[in-house]
S.K.: 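My structure is below; once you've seen it, I'll send some questions.
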Amino acid sequence: LYESIRVIPSDDKWRKGYHWTNKDCGVNVKVNPDGRIAIVHDVISTYVDNIPYHIEEKNTLNWFRVFWNDGSYPGDSESNTCVENGCRAMVDASCLCKTAIIESVVFTDTNVSKVDVMSHLFMGALGPQDGSTAIDLENGVIVHEMVGNIDS
């Protein structure tokens with residue numbers, strides 16, 4: 001993570017205009033009352049005049065739809081508040097939340113259908129790794145095996 005600086009110090013090693021920072025480099029999202037999210041940047045820990053307006057936490061209008069487990073999301077009810085989800089309640093009734101990436105296995109064998117795949121896997125991925133073996137399950141699903149690991 002780097003931060004842009006407006007005034008370039010006289011020391012030559014800083015002339016590129018960027019330097020490393022110890023600021024949090026996680027991704028924050030705002031969750032609006034309809035369950036849509038917008039990726040935002042924390043302007044308190046960054047130089048305010050360098051944050052593009054469409055990703056600034058107070059003004060963002062760059063909302064998009066996501067799939068929530070069981071349709072429940074931070075701030076969707078009085079019993080499921082922003083604070084209970086580890087988020088900060090905003091004045092516009094949205095929740096400001098930190099994100100986390102959790103990688104987990106969805107299927108443990110090849111006994112899956114196209115319906116299983118489409119109902120459990122929502123994000124795209126990079127193409128199969130070089131050296132993987134494609135296995136056509138002949139039900140609309142192709143899995144890729146790499147050293148005993150299977151991806152669909």
Side-chain angles (χ1 to χ4, degrees), residues 1-4 16 18-152:
L1 177 68
Y2 62 84
E3 293 182 10
S4 177
K16 291 185 179 179
Y18 299 99
H19 65 280
W20 292 105
T21 182
N22 61 359
K23 304 285 190 216
D24 180 11
C25 62
V27 175
N28 295 331
V29 295
K30 272 180 86 169
V31 182
N32 75 9
D34 296 325
R36 293 182 179 264
I37 69 166
I39 297 171
V40 297
H41 287 273
D42 181 2
V43 297
I44 294 171
S45 67
T46 307
Y47 294 96
V48 176
D49 54 349
N50 289 339
I51 299 294
Y53 192 78
H54 69 282
I55 56 174
E56 192 269 325
E57 73 181 42
K58 291 182 183 171
N59 299 307
T60 188
L61 296 175
N62 195 19
W63 302 101
F64 56 94
R65 189 177 123 197
V66 296
F67 295 95
W68 296 98
N69 288 339
D70 303 322
S72 178
Y73 52 88
D76 69 347
S77 68
E78 289 183 21
S79 62
N80 191 28
T81 66
C82 297
V83 175
E84 287 179 7
N85 285 279
C87 304
R88 187 174 75 206
M90 305 294 286
V91 295
D92 63 356
S94 65
C95 299
L96 182 65
C97 309
K98 291 187 177 284
T99 62
I101 297 173
I102 301 170
E103 292 187 36
S104 62
V105 174
V106 178
F107 304 113
T108 58
D109 58 45
T110 58
N111 187 22
V112 296
S113 69
K114 187 174 182 179
V115 172
D116 293 332
V117 170
M118 297 303 290
S119 64
H120 289 91
L121 304 178
F122 302 109
M123 294 189 66
L126 298 174
Q129 288 182 328
D130 288 339
S132 67
T133 303
I135 302 167
D136 188 344
L137 300 182
E138 298 181 8
N139 63 358
V141 177
I142 298 174
V143 297
H144 299 271
E145 184 177 39
M146 182 76 171
V147 193
N149 295 321
I150 296 178
D151 290 325
S152 57

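Counting begins at 1 with the first residue of the sequence. What you are looking at is a predicted structure, and each value in this text was computed from that prediction instead of being measured. Just so it is clear, the values below take in all heavy atoms, side chains as well, and ignore hydrogens, waters and symmetry mates.
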S.K.: For Phe107 and His120, take the angle between the two ring planes, folded into 0 to 90°, and tell me which bin it lands in: parallel under 30, tilted 30 to 60, perpendicular over 60.
M.R.: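 Plane angle over 60°, so perpendicular.
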
S.K.: Atom OG of Ser94 and atom CZ of Arg88: how far apart are they, to the nearest 0.5 Å?
M.R.: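 If we round to the nearest 0.5 Å, Ser94:OG and Arg88:CZ are 9.5 Å apart.
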
S.K.: Testing Asn62, Thr60, Asp92 for side chain to side chain donor-acceptor pair (under 3.5 Å) with Lys30, which one passes?
M.R.: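 Looking at Asn62, Thr60, Asp92, the match for Lys30 under the side chain to side chain donor-acceptor pair (under 3.5 Å) is Asp92.
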
S.K.: Do you know which two heavy atoms are closest between Pro33 and Ala93, and how far apart they sit?
M.R.: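 Here Pro33 and Ala93 meet closest at CG-O, 3.6 Å.
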
S.K.: Could you check whether the SG atoms of Cys97 and Cys82 sit less than 2.5 Å apart, since that is the cutoff I want to apply?
M.R.: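 The sulfur gammas are not closer than 2.5 Å, so no.
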
S.K.: Look up atom CD1 in Ile39 and atom CG in Asn28, then write down how far apart they are to the nearest 0.5 Å.
M.R.: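 Interatomic distance, Ile39 CD1 to Asn28 CG, rounded to 0.5 Å: 10.0 Å.
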
S.K.: Please tell me if the side chains of Thr110 and Ile135 come closer than 4.5 Å, counting only heavy atoms from C-beta onward.
M.R.: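 No. Closest side-chain heavy atoms not under 4.5 Å.
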
S.K.: Of all heavy-atom pairs between Asp116 and Asn111, which one has the smallest distance, and what is that distance?
M.R.: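 Reported closest heavy-atom pair: OD2-O, 4.4 Å.
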
S.K.: For Arg36, is there any backbone N or O sitting under 3.5 Å from a side-chain donor or acceptor partner on Asp34?
M.R.: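 It does not hold such a pair.
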
S.K.: Taking all heavy atoms of Gly140 and all of Lys114, pick out the closest pair and write down the distance.
M.R.: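 Nearest heavy atoms, Gly140 then Lys114: O-CD, 4.3 Å.
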
S.K.: For Asp76 and Tyr73, indicate whether the former's side chain and the latter's backbone hold a donor-acceptor pair under 3.5 Å.
M.R.: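 At least one qualifying donor-acceptor pair exists.
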
S.K.: Determine yes or no for a side-chain-to-main-chain donor-acceptor pair under 3.5 angstrom, with Asn139 supplying the side chain and Val141 the backbone.
M.R.: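 Yes; judged by distance alone, with no hydrogens or angles, the pair exists.
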
S.K.: Please confirm whether the backbone N or O of Gly35 pairs with a side-chain atom of Trp68, one donor and one acceptor, at under 3.5 Å?
M.R.: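 Yes; at least one donor-acceptor contact below 3.5 Å.
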
S.K.: Show the numbers, then the answer: is there a side chain to side chain contact (heavy atoms under 4.5 Å, CB included) between Leu121 and Val106?
M.R.: CA-CA 8 Å; Leu121 304 178; Val106 178; 3.6 Å; yes

S.K.: Got a second to check how far Trp63's CH2 is from Ile37's CD1, nearest 0.5 Å?
M.R.: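 These two atoms lie 9.0 Å from each other.
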
